[in-house]
Amino acid sequence: MSTKPTAKSVPDTAGTSQSRSRDAARRFARRLLAWWETHGREGLPWQNPRTPYRVWVSEIMLQQTQAGTVVPYFERFVARFGNVRTLAQADLDDVLHLWSGLGYYARARNLHRAAAIVMRDHDGTLPQDPAVLETLPGIGRSTAAAIVAQAHNVRAPILDANAKRVLARHFLVAGPPSSSATQTALWALADAVTPAGRAADYTQAVMDLGATVCRPRQPLCSQCPLRRTCGALAANAVGEYPARAKRPARPLKRRRFFVLTDGEGACYMEKRPTSGVWGGLWSPPEGDAEETPAEFLAARRMDAKLVGAMSFGPVFRHGFSHFDLDVAPVFIHLLSRPSSVSGGVWFNPRRDRLGLSAVAAKLVAAAAAPAVLERK
Ligand code: SF4
């Protein structure tokens with residue numbers, strides 16, 4: 001049986017307790033905003049200028065990635081695609097190229113598709129109505145709210161991972177994060193504590209508190225502006241909120257990657273299907289873990305006499321959200337490009353731009369400098 005404290009502070013609908021809840025919600029927002037004025041994160045590139053387009057791009061990048069990692073990607077992205085029009089007109093390969101290494105590439109494909117829809121259906125202007133924004137690919141309820149709140153200062157409750165954690169701890173919401181009852185309770189709380197004014201500041205404040213103080217591990221409760229009213233802190237149960245989802249065991253897969261190089265230092269790359277892992281990105285050909293180089297050459301009708309040198313690289317592990325992949329590389333240096341391989345491109349990393357996954361980029365780098373794979 002659970003010994004967790006119950007959610008005493010969840011707003012209810014009855015008389016005086018309703019007005020107490022309203023007061024608690026106002027205090028929550030007031031303290032958070034006062035803290036943010038002196039401790040909020042400053043200098044994030046999407047804060048200045050805070051245009052709807054820049055906020056949108058940043059919110060998509062921040063969906064699965066921490067701000068510190070996002071900053072250089074964001075800067076390169078908006079330097080190249082400065083507005084919705086240039087993004088909509090861009091080649092998807094160019095978009096994926098600038099996303100290479102950031103992971104979760106469906107975000108980039110959705111951003112690109114959404115830009116085209118904004119050009120076609122909204123005269124190039126990002127909709128201000130969160131309900132309309134939500135119809136665009138890659139934009140969910142919380143992201144839509146975060147965009148309108150920050151870009152237009154419109155009151156719209158958010159419930160990203162940071163806000164969820166702060167609310168679950170402060171108001172003792174204990175249910176499994178994916179259950180609809182928990183989601184409903186958290187959304188109700190998010191709505192209750194979001195103030196009528198200063199929507200942009202409040203949205204930034206709750207995200208900043210979650211990222212820098214109410215962190216997933218080792219939260220800095222002694223520095224928290226909400227510590228006097230925090231239910232989890234009072235119950236000495238901070239580590240129990242939010243409840244952790246039960247994770248199934250992560251499967252481990254193993255795949256062979258054949259890295260073909262020519263005399264000019266170019267690597268043969270194939271485009272992956274748009275759905276699935278690394279969708280739409282370019283990668284060295286992939287095969288079963290047991291596939292031998294001889295089988296690979298035969299399947300591609302490549303003459304073994306073209307092979308100048310061949311070596312097996314060390315296996316390295318790459319983590320995806322739901323499984324781990326052991327990458328087993330084979331480096332095959334060809335004396336000349338075989339006429340029988342087609343459908344892909346010969347990619348010269350010094351000259352060409354393609355969207356590559358972090359694994360593909362590592363394999364390409366290792367083809368020129370094998371020590372890349374020995375570094376931990
Ligand atoms: S007191 Fe601790 S657990 Fe509570 S909101 Fe602040 S940082 Fe989070």
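Side-chain atoms are counted along with the backbone in the values below, which use heavy atoms only and exclude waters and symmetry mates. Computed from a prediction, not measured in an experiment: that's the story for all the values here. Both ligands and their constituent atoms are indexed starting at 1 by order of listing.
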For atom 2 (Fe) of ligand 1, the protein heavy atom that lies nearest, with its residue and separation: Cys221 SG, 2.3 Å
Under-4.0 Å heavy-atom contact with ligand 1, by part of His170 that carries it: neither
Val166 touching ligand 1 at heavy-atom level, < 4.0 angstrom: no
Contacting atoms of ligand 1, where contact means under 4.0 angstrom from a heavy atom of Val238: 3 (S)
Arg80 atom CZ: more than 12 heavy-atom contacts under 6.0 Å: yes
Under 2.8 Å: N/O/S of Cys230 next to atom 8 (Fe) of ligand 1: no
Derivation of the side chain to side chain donor-acceptor pair (under 3.5 Å) call for Trp346 and Asp262: CA-CA 9 Å; Trp346 287 90; Asp262 69 3; over 6 Å; no
Cys214, portion touching ligand 1 at heavy-atom distance under 4.0 Å: both
Salt bridge flag under 4.0 Å for residues Glu286 and Arg255: yes
Sidechain N-carboxylate O distance under 4.0 Å for Asp324, Arg317: no
Those atoms of ligand 1 less than 4.0 Å from some heavy atom in Cys224: 1 (S), 5 (S), 6 (Fe), 7 (S)
Arg169: numbered ligand 1 atoms lying under 4.0 Å from its heavy atoms: 3 (S)
Same cluster (ILVMFWY, side-chain, under 4.5 Å), Leu167 and Leu32: yes
Phe74 and Trp46: CA distance, side-chain angles, deciding distance, ring pair (Phe, Tyr, Trp, His ring centres under 6.0 Å) verdict: CA-CA 8 Å; Phe74 175 83; Trp46 43 90; 5.3 Å; yes
